Amino acid sequence: FFRGEAGAWNAFDLAVVVAAFVPSRIDSIAIALRLLRLLRILKLIRAVPQLQVIVTSLLRGTASIFYVALLMALVFYVYGIVGVHLYRENDPF
């Protein structure tokens with residue numbers, strides 16, 4: 001059951017599921033442990049090669065996405081400043 005590469009995932013699954021159902025007095029810890037169960041989805045990425053290609057491409061493209069988001073934020077900021085200066089006489093506040 002716990003042999004080979006799949007055995008590590010089986011041990012991880014067992015530890016996360018058991019830890020999530022252990023009653024605790026602090027609800028935030030229990031919620032965090034239940035959220036760890038979402039990490040079991042990582043098994044799916046390794047099992048489906050096409051999904052692994054998609055996830056790898058998304059992770060490599062995050063730097064570019066960050067720079068595009070930064071540029072968009074700068075453009076919105078400039079438009080906001082221009083709008084405030086153009087319409088300050090019409091602002092009732």
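On a predicted model such as this, the values are computed, not experimentally measured, just so you know. Below, each value reflects all heavy atoms present in this structure, side chains not excepted, and no hydrogens, waters or symmetry copies.
Through direct or relayed side-chain contacts under 4.5 Å between Ile, Leu, Val, Met, Phe, Trp and Tyr, V75 connects to Y79. Other cluster members for I81: Y77, joined by side-chain heavy-atom distances under 4.5 Å among Ile, Leu, Val, Met, Phe, Trp and Tyr. Clustering of Ile, Leu, Val, Met, Phe, Trp and Tyr side chains at separations under 4.5 Å places V68 together with M72, F76.
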Between side-chain atoms of residues 54-66 and protein atoms elsewhere (two or more places apart, or another chain), which donor-acceptor pairs fall under 3.5 Å?
unit_1 : atom_1 : unit_2 : atom_2 : d
T56    : OG1    : Q52    : O      : 2.7
S57    : OG     : V53    : O      : 2.9
T62    : OG1    : L59    : O      : 2.9

